[in-house]
Amino acid sequence: MNFVLIVLNYNDWETTVTFLNNTKEFQSIHKIIVVDNCSTDVSFEKLSEHADEKIDVIQTEKNEGYASGNNFGIRYAKQKYSPEYLIISNPDIVLNEMCLGGIKAFMEQNREKTGMVSCKMICNSEIRTRYGWKLPKYSDCILENLILLKRILNLKKTSYPDSHFEKEICEVDVIPGSFFVISQETMDDVGMFDEDTFLYGEENIIAYKLKEKKYKNYILNRYEYIHNHSVSISKSIQSLGKKLDLAYEGRCIYLNKYLHIGFFQKILNGITYKIGKFNYLAFKKIVKGR
């Protein structure tokens, strides 16, 4: 089985180099493709120093986001190496070869209609880990807009109960985009990532496309990886307001393009986001000022 790993870098070559040093000796990875997403610092030059017979370092002409950058790497991998399976990974994670070995064995035995496969994500942050979640409905997206209300009421409509992840293997709708494995054939079948998104929302969209074509996504709960959550993102986008806007734009693409919401639903979506963003930023400012 030919496994090619694709890792996307933007203005954070130090984190990516650490990731490469951790994974380049893995026997289960045949090639590593580092996609520098048109960084504005010295990333491409620094990463190119690590290119060798196992690691390719390539660069996009323009930074058009997570989906576009990963698709650039996927097309390169397909043209040059004809991979059977793709490993899509953030640079701010720590993998172990046992995890990849477990996924490889599972995919060898479950080739029919298997979509994405991953393992438990352990976050090194205050954010509560979600190993996977249900595809959001329109009402769930409205709740995401009203972020402060959702947190106060502790609403988790898209979350699975903890018991769901007590089984050795469990099926989920959506897998975090920080790390997963998928066959090249399946990725081609669903049309890869939606390049209308920039940073957030692509996970729900690709999960939606996979579900439409009857693929199933799995978490192998006996294995785990560490995610230093948002390390690279926070270095390039420091504004909380900007992050909220990007997440909202991703939800809009999901709602408009895939759930095909109506005119009045779009209006409500916009109004609730403006209210939710204002309230949340005001709350954060008050808390910070204490």
Side-chain angles (χ1 to χ4, degrees), residues 8 10 37 63-71 88 90 115-116 121 123 125 127-160 172-178 180 190-212 217 227 229-230 232-234 236-284:
L8 192 63
Y10 181 71
N37 211 3
N63 178 13
E64 296 183 325
Y66 172 95
S68 177
N70 274 299
N71 283 350
I88 306 297
N90 280 10
M116 299 183 289
M121 177 178 69
C123 282
S125 74
I127 299 172
R128 188 180 186 277
T129 298
R130 286 210 298 173
Y131 308 134
W133 58 90
K134 302 171 188 176
L135 268 172
K137 301 174 184 177
Y138 173 74
S139 59
D140 301 318
C141 293
I142 296 299
L143 280 176
E144 286 295 327
N145 290 341
L146 301 168
I147 182 171
L148 188 58
L149 177 65
K150 181 182 178 182
R151 293 191 180 186
I152 291 172
L153 297 179
N154 196 30
L155 298 173
K156 301 176 181 178
K157 290 179 64 180
T158 61
S159 296
Y160 293 99
V172 297
D173 285 344
V174 189
I175 285 177
S178 51
F180 65 86
V190 298
M192 302 198 293
F193 291 106
D194 188 325
E195 296 187 14
D196 286 342
T197 62
F198 185 81
L199 185 57
Y200 301 108
E202 63 284 326
E203 299 154 318
N204 290 332
I205 290 172
I206 196 165
Y208 181 92
K209 294 197 290 183
L210 285 163
K211 194 169 186 177
E212 283 283 282
N217 303 320
H227 186 197
H229 200 276
S230 295
S232 296
I233 292 173
S234 294
S236 57
I237 305 174
Q238 297 181 357
S239 167
L240 176 58
K242 179 63 175 176
K243 291 177 184 177
L244 293 175
D245 287 344
L246 288 171
Y248 171 67
E249 289 168 12
R251 284 196 295 278
C252 287
I253 292 164
Y254 173 70
L255 289 169
N256 298 337
K257 193 172 178 179
Y258 296 92
L259 298 193
H260 306 291
I261 64 173
F263 175 77
F264 291 107
Q265 288 177 309
K266 291 179 183 178
I267 295 296
L268 180 61
N269 183 43
I271 292 172
T272 53
Y273 176 65
K274 289 180 180 179
I275 294 171
K277 178 184 177 182
F278 176 82
N279 288 340
Y280 185 65
L281 292 180
F283 172 77
K284 296 290 283 188

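Rounded to the nearest 0.5 Å, atoms CD1 (Ile147) and CG (Leu281) are 9.0 Å apart. Rounding to the nearest 0.5 angstrom, the gap separating the CG atom in Leu153 from the CG atom in Leu143 is 8.5 Å. Annotation: the span from Ile142 atom CD1 to Leu255 atom CG amounts to 7.0 Å, rounded to 0.5 Å. Taking OG1 of Thr272 as the reference point, atom CG of Leu146 lies at 5.0 Å (rounded to 0.5 Å). Rounded to the nearest 0.5 Å, atoms CD1 (Ile267) and CG (Asn269) are 9.5 Å apart.
Each salt bridge (charged side-chain N to carboxylate O under 4.0 Å, His left out) pair with one or both residues in residues 257-278, not counting sequence neighbours, appears once here: Asp194-Lys257, Asp196-Lys257, Asp245-Lys277. A salt bridge (charged side-chain N to carboxylate O under 4.0 Å, His left out) check over residues 137-146, counting only residues at least two apart or in different chains, returns the pairs Asp140-Lys157, Glu144-Lys150.
The closest side-chain heavy-atom distance from Pro176 to Trp133 is below 4.5 Å. Residues Ile88 and Met116 fail the side-chain proximity criterion, which asks for heavy atoms closer than 4.5 Å. A heavy-atom distance below 4.5 Å is found between the side chains of Ile205 and Tyr258. The shortest distance between side-chain heavy atoms of Leu8 and Asn90 does not fall below 4.5 Å. Counting heavy atoms from C-beta outward, Tyr273 and Leu244 have side chains that approach closer than 4.5 Å.
Residue Val174 comes nearest to Ala207 through the heavy atom pair CG2-CB, 3.7 Å, listed as atom of the first residue, atom of the second, then distance. Heavy atoms only, all atoms of each residue included: Gly177 and Glu203 are closest at N-OE2, 2.5 Å. When all heavy atoms are compared, the tightest approach of Tyr280 to Arg151 is OH-NH1, 3.1 Å. The shortest non-hydrogen separation linking Ile261 to Tyr138 is CG2-CD1, 3.7 Å. The shortest non-hydrogen separation linking Ala67 to Phe193 is CB-CB, 3.5 Å.
For the salt bridge (charged side-chain N to carboxylate O under 4.0 Å, His left out) criterion with Asp173, the lone passing option out of Lys209, Lys134, Lys211, Arg130 is Lys211. When each of Ile175, Leu135, Asn217 is checked for a side chain to side chain contact (heavy atoms under 4.5 Å, CB included) with Leu210, only Asn217 meets the rule.
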Identify each donor-acceptor pair in which a side-chain atom of residues 247-254 lies under 3.5 Å from a protein atom, sequence neighbours left out, and give them as a table.
{"unit_1": "Arg251", "atom_1": "NE", "unit_2": "Asn145", "atom_2": "OD1", "d": "3.2"}
{"unit_1": "Arg251", "atom_1": "NH2", "unit_2": "Asn145", "atom_2": "OD1", "d": "2.9"}
{"unit_1": "Tyr254", "atom_1": "OH", "unit_2": "Pro136", "atom_2": "O", "d": "2.7"}

